[in-house]
Amino acid sequence: MHPRTRRLPRTLASATVLALLAVPATAVAAPEPVPTPEAHPGNAAGTGSADPADKISSAAAKVFDARGTTDYWLRFAEEPDLSAADSITVWSERGRYVVDTLTEAAESSQARAIAALEESGTEYTSYWATNAILVEDGTLEQATELAADVQVAEVLPTTQHSVEEPESTSAVAPSAAETSTYGIRSINADDMWDLGFTGEGIVVAGLDTGVSRSHPALSAQYRGTATGSNSYNWFDAARAGSSTPRDDHGHGTHTMGTMVGTDNGSTNIGVAPGAQWIAANGCADACRDSWLVASGQWLLAPTRTDGTGADPARRPHVVNNSWGMSRTDDPFMEDVIAAWEAAGIFSTWSNGNDGEFGCESSGSPGARQASYSVGAYSSAGSIAAFSSRGPGQKGVVKPDISAPGVNVLSAVPGGGYEQWSGTSMAAPHVSGAVALLWDAVPSLLGDVQRTRAILDGAAHDVNNTACGGTADDNNVWGEGKLDVLAAYQLAQSQSFTETPAPAISGTAKVGTALTATVPAWTPPRRSPTSGAATATPPTACPAP
């Protein structure tokens, strides 16, 4: 079931604010604390109430009282079990299973509500990545009637989010420039290049303001360049009217440059220049909830530019999210994150730029347990003052890890390059590192939890327990400083220790021979000189 949209949803304001997590070069006043909303589409928890009136959130009731008619969300209670996806070893089949399971759940739970909306002639958009319907121009009376459906968990307001202004398939050779940014050197990405790993075969996605398709550091890596089409490679969530990737803000181009960019003629800017990219502009001029949810859904099953032909096999391997809410652990997008993970997609999140508020300043979705969030440090190796501190949801340590995020040189629209700062700039270093790691160790591809554990185990500890935690895992640095070379080495050591033990047969007595049978072993590693597979390629989640 695909989104059903009759017209572009109109913009509505609310108290919730999402922002791109970059900061200006000069200091700016920190935002006021944002109250935690009751819930959003993407929150898996239900209200459990049988009274339709009790399902109208207080925030939605206030909007209805103020406006009379308004756009609103119907969120449904059914939560499909996606755990079986872990055992599916073919990338295309795994993605299809996740999409089909989510779609079936949405179709069954939303059927009565959709029938009522159709009968009344109300315009709406149905989503399956998060089990919800966006209803346009509805009344409180209508919402209450729809909430009488036992399948409806809650009625929620829409939100308008603000943007915070910031201070071919062949591998792209990273040696075009003589030097690399301090971020590339700090996480030892250049050492991975020397071993032959540049991210080749991996597709990263940016859910951001878009990407400048024509930028010289990014044009060759765009998957649409290789396929000769923008279909399956670009999603205009904001309906800006562009059939090809564009970025009128710059934030998405900058973050993508850090992930896969080549060089500016003298300095390499991208962690994984051999990887390909696709993009969705869910934060084109504001990170609106409907645009973000639609983008998250498209990334599970990319479509042609006209919205047809959804194909889960063409989903990306990694999604970078350099945006979030300020100082809250609101559950927005949580079920989309879970769906991504079930489909084998690694998502990376900025942890927030509210570090000046001290502890408990992490922002959602980065503050949530489901998210892998990133703090920022400088070229001097010091944590950035703006880098948000944990703990996050239910006291979990946040950020999960830290990466370079101060004065990061990367691409901007118009073919230029600028230094920006923020946890927005740190998260793409981790996204690029995952691309390198999955290129180098194919058996890790799609295994999100094991990849997180390896990144954590290989990170360089920094002892700072000012906001709680331990010397090796604390709410300032998380697990410490990202090191992709160390992660690769740790993954390799695990691969060798997990080799099958020989089977011994026979009677154990003097004078009797024993037989040792060694099972076949194909090590999950690639040649460090050529990047070519040295053993039979694994069947688990091959690149699309």
Side-chain angles (χ1 to χ4, degrees), residues 170-202 204 215-218 220-221 254-277 317-318 320 346 348 374 376-381 401-411 417-421 425-442 444 451 454-455 457-460 480-493 525-532:
S170 299
V172 180
S175 58
E178 294 181 359
T179 62
S180 300
T181 63
Y182 85 88
I184 289 172
R185 300 193 308 273
S186 175
I187 68 171
N188 292 321
D190 50 346
D191 291 327
M192 290 292 287
W193 302 345
D194 290 342
L195 294 176
F197 309 123
T198 63
E200 187 174 4
I202 305 302
V204 302
H215 197 288
L218 292 169
Q221 299 92 304
H254 199 279
T255 54
M256 188 60 73
T258 298
M259 286 186 275
V260 304
T262 52
D263 66 275
N264 67 354
S266 62
T267 304
N268 296 306
I269 63 170
V271 171
Q276 294 180 312
W277 64 267
H317 301 101
V318 184
N320 187 76
F346 192 105
T348 304
V374 188
Y377 66 83
S378 69
S379 60
I401 201 167
S402 294
V406 179
N407 294 331
V408 174
L409 177 69
S410 191
Y417 302 83
E418 293 179 4
Q419 290 184 340
W420 289 10
S421 298
M425 285 61 253
H429 283 86
V430 177
S431 297
V434 173
L436 292 180
L437 190 58
W438 283 5
D439 172 20
V441 189
L444 279 178
T451 301
I454 287 173
L455 292 173
H460 298 285
K481 296 179 179 179
L482 172 68
D483 186 336
V484 65
L485 177 64
Y488 167 66
Q489 293 168 339
L490 178 58
Q492 291 289 51
S493 69
R525 58 195 300 256
R526 296 166 71 94
S527 165
T529 55
S530 67

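Evaluation of the side-chain hydrogen bond (donor to acceptor under 3.5 Å, both in side chains) rule for Ser402 yields no partner, not counting sequence neighbours. With sequence neighbours excluded, the residues forming a side-chain hydrogen bond (donor to acceptor under 3.5 Å, both in side chains) with Asn188 are Asp483, listed by chain and number. For Ala376, the side chain to side chain contact (heavy atoms under 4.5 Å, CB included) partners are Ala384, Phe386, Ser387, Thr423, Ala426, not counting sequence neighbours. For Ser378, there are no side-chain hydrogen bond (donor to acceptor under 3.5 Å, both in side chains) partners at least two apart in sequence or on another chain. Under the side chain to side chain contact (heavy atoms under 4.5 Å, CB included) criterion, Ser410 pairs with His254, Thr258, Ile269, not counting sequence neighbours. Ser379 is linked by a side chain to side chain contact (heavy atoms under 4.5 Å, CB included) to Tyr182, counting only residues two or more places apart in sequence or in another chain. Remark: Thr181 engages no residue in a side-chain hydrogen bond (donor to acceptor under 3.5 Å, both in side chains) (not counting sequence neighbours). Partners of Ala435 under the side chain to side chain contact (heavy atoms under 4.5 Å, CB included) rule, at least two apart in sequence or in another chain, are Ile202, Val204, Ala272, Ala275.
To the nearest 0.5 Å, atoms CZ (Phe346) and CG (Leu444) are separated by 10.5 Å. Here NE2 of His460 is found 11.0 Å from CD1 of Ile187. Values are rounded to the nearest 0.5 Å. Atom OG1 of Thr348 is separated from atom CG of Leu455 by 8.5 Å, given to the nearest 0.5 angstrom. Once rounded to the nearest 0.5 Å, the distance linking CD of Gln221 with OG1 of Thr198 reads 10.0 Å.
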For this session: Could you walk me through whether Tyr488 and Asp191 pass side-chain contact (heavy atoms from CB on, under 4.5 Å), step by step?
Result: CA-CA 11 Å; Tyr488 167 66; Asp191 291 327; over 6 Å; no
Exercise. What do the steps show when you test Tyr377 against Ser186 for side chain to side chain donor-acceptor pair (under 3.5 Å), and what is the final call?
Worked result: CA-CA 10 Å; Tyr377 66 83; Ser186 175; 2.6 Å; yes
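Between the side chain of Ser266 and the main chain of Thr179, no donor-acceptor pair closer than 3.5 Å is present. With hydrogens and angles ignored, the 3.5 Å screen pairs no side-chain donor or acceptor of Asp263 with any backbone N or O of Asn268. For the pair Arg185 (side chain) and Asp190 (backbone), a donor-acceptor distance under 3.5 Å is absent.
Two residues are said to be in side-chain contact when any heavy atoms from C-beta on lie closer than 4.5 Å; His317 and Val434 fail this criterion.
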